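Since the structure comes first, as structure tokens, the remarks are kept for the end.
The structure displayed is predicted, hence computed values, not measured ones. Counting starts at 1 for both ligands and their atoms, following the listed order.
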Amino acid sequence: MEAMNVMSLRAPSSSSSSANQRLSFQQSLNSFPQKPSFLRPVLRTHMSSNHSSLNSSVKAQQSELKDGPAKASESTVSDGDALKVKEWEVGMFQNEVAASQGIRIRRRPPTGPPLHYVGPFEFRLQNEGNTPRNILEEIVWNKHVEVSQLKEKKPLVMLKNQLENAPPTRDFIGAIKAANVRTGFPGLIAEVKKASPSRGVLRQEFDPVQIAKAYEKGGAACLSVLTDEKYFQGSFANLEAIRRSGVQCPLLCKEFVIDAWQLYYARAKGADAVLLIAAVLPDLDIKYMTKICKLLGLAALVEVHDEREMDRVLGIDGIELVGINNRDLETFKVDITNTKKLLEGERGERIRQKGITVVGESALFTPADIAYVQEAGCKAVLVGESIVKQEDPAAGITQLFGKDISS
Ligand SMILES: O=P(O)(O)OC[C@@H](O)[C@@H](O)c1c[nH]c2ccccc12
């Protein structure tokens with residue numbers, strides 16, 4: 001029977017991440033705030049992957065309710081549930097728009113959270129179609145759960161009130177350009193990064209403020225602070241602590257932004273800039289979010305990884321800062337020739353004409369690497385691993401550039 005195929009307690013099998021991460025992702029989806037009660041009254045043996053069938057299933061449930069349902073106790077579709085249905089529809093629509101722009105990352109699991117609760121015994125239904133296809137997709141799905149929960153605790157109005165008394169932001173792009181002029185090297189955005197899914201723990205004894213101070217002393221123009229907890233062992237507490245520590249460098253909030261609410265949140269926590277990942281965000285989101293960033297005084301670092309993403313970003317007006325990631329976030333493959341490839345020819349010409357500041361990101365370890373991306377056209381570099389691993393991160397910067405760039 002088909003129902004038997006989907007009823008299981010199995011953890012999904014195929015993934016590039018660890019079993020632990022997988023389980024914690026499952027657990028967090030277990031407590032999914034939008035755990036759709038509208039799915040409860042009906043045991044669905046087949047979950048299809050498009051929103052129209054979600055729609056028809058909801059309609060079926062609504063007519064079931066009208067015509068006198070079997071289980072009267074569970075049979076009201078509240079306004080809240082209707083809103084949740086709508087939210088899922090929007091999510092599915094987002095996936096379709098994104099796919100049409102070549103984005104492979106789906107913003108939501110295609111048929112809702114993978115675990116569905118059915119009837120009094122709360123059987124779990126495992127749906128294979130809801131297994132993330134790669135680590136970036138897993139992070140994004142998890143982020144959706146996380147942000148929904150945070151948003152409930154701190155709605156946008158509350159954040160906006162908080163921002164009324166916030167100190168002004170620092171000029172992130174200005175700091176990069178000034179460092180570039182001062183040192184003759186690309187301005188350094190030094191990353192406060194404890195761990196990553198691809199490299200594991202980079203530094204056991206991790207004191208974010210001490211590292212930030214060492215970076216500043218070593219000549220960093222700006223700092224990047226990982227705030228994702230689950231996959232990078234970062235936190236907003238780290239961002240806040242660094243902001244309050246007296247460090248003057250402008251701060252990039254290194255997050256997986258999927259919702260404009262996160263921009264306000266980052267600003268409230270002391271960020272001067274945020275990351276927007278083109279592999280995740282469709283054009284309209286990038287346009288909308290860069291506008292909000294401007295309103296909030298945040299710089300937006302728009303990250304691309306291939307020609308297609310670069311061309312999408314070049315088609316959007318008002319983008320001043322573009323990062324080229326040498327690491328493919330879907331496969332973890334690194335290749336620093338990627339930076340050069342995306343800055344060649346006509347594309348490079350357009351970037352110069354638009355006056356965009358380009359940041360070479362990831363897998364930069366030696367003075368030769370820095371020279372290579374500078375030659376390719378980068379006015380800044382974003383570096384984590386090679387400097388955060390050094391006992392003295394300031395000395396790590398000198399080693400990376402082959403020269404003391406602190407004064
Ligand atoms: O540690 P590295 O290889 O020097 O990389 C730093 C930074 O580029 C990398 O952390 C990064 C670039 N884009 C991201 C997006 C999300 C998380 C992390 C990243």
Looking at ligand 1, does any of its N/O atoms fall within less than 3.5 Å of an N/O of Phe232? no

Heavy-atom count check: over 12 atoms from other residues, nucleotides or ligands less than 6.0 Å from Lys354 NZ? yes

Is the shortest side-chain heavy-atom distance between Val383 and Leu188 below 4.5 Å? yes

Is Ser386 in polar range of ligand 1, meaning some N or O pair under 3.5 Å apart? no

Taking only heavy atoms of Ala363 into account, list the atoms of ligand 1 that are under 4.0 Å away from them. 2 (P), 3 (O), 4 (O)

Can you list the atoms of ligand 1 that are under 4.0 Å from a heavy atom of Arg327? 3 (O), 5 (O)

Any idea which atoms of ligand 1 are less than 4.0 Å away from a heavy-atom of Phe256? 16 (C), 17 (C)

Decide yes or no on side-chain contact (heavy atoms from CB on, under 4.5 Å) for Thr398 and Lys403, but give the supporting numbers first. CA-CA 5 Å; Thr398 305; Lys403 198 183 157 205; 5.9 Å; no

Looking only at protein heavy atoms, identify the closest one to atom 6 (C) of ligand 1 and say how far it is in Å. Glu191 OE2, 3.5 Å

Could you pull out all residues at least two apart from Phe185 that satisfy ring pair (Phe, Tyr, Trp, His ring centres under 6.0 Å)? Phe401

Nearest non-hydrogen protein atom to atom 8 (O) of ligand 1, with distance, is Ser362 OG, 2.7 Å

Distance filter under 4.0 Å to Lys254 heavy atoms, resulting ligand 1 atoms: 7 (C), 9 (C), 10 (O), 11 (C), 12 (C), 13 (N), 14 (C), 18 (C), 19 (C)

With side chains defined as the heavy atoms from C-beta onward, is the minimum distance between Asn238 and Thr227 less than 4.5 Å? no

Can you find a heavy atom in the side chain of Met158 that is under 4.5 Å from one in the side chain of Asn161? no

Atom indices of ligand 1, in the order listed, that fall short of 4.0 Å to a heavy atom of Val383: 4 (O)

Where on Val388 is there a heavy atom closer than 4.0 Å to ligand 1, on the side chain, on the backbone, on both, or on neither? neither

For Leu364 and ligand 1, answer yes if some heavy atom of the residue is under 4.0 Å from a ligand atom, otherwise no. no

Return yes or no for this condition: an N or O of Leu329 is under 3.5 Å from an N or O of ligand 1. no

Considering only heavy atoms from C-beta outward, does the side chain of Arg203 approach that of Lys389 to under 4.5 Å? no

Short list, please: which atoms of ligand 1 are under 4.0 Å from a heavy atom of Gly384? 1 (O), 2 (P), 4 (O), 6 (C)

Under 4.5 Å between any side-chain heavy atoms of Glu138 and Tyr231, yes or no? yes

In terms of residue, atom name and distance, what is the protein heavy atom nearest to atom 13 (N) of ligand 1? Glu303 OE1, 2.7 Å

Do Tyr265 and Phe236 have ring centroids that are under 6.0 Å from one another? yes

Quick one: does Ile324's side chain get under 4.5 Å of Met310's, heavy atoms only? yes

Which of the numbered atoms in ligand 1 are under 4.0 angstrom from any heavy atom belonging to Leu275? 15 (C)

Subset of ligand 1 atoms that lie under 4.0 Å from at least one heavy atom of Glu361: 8 (O), 12 (C), 13 (N)

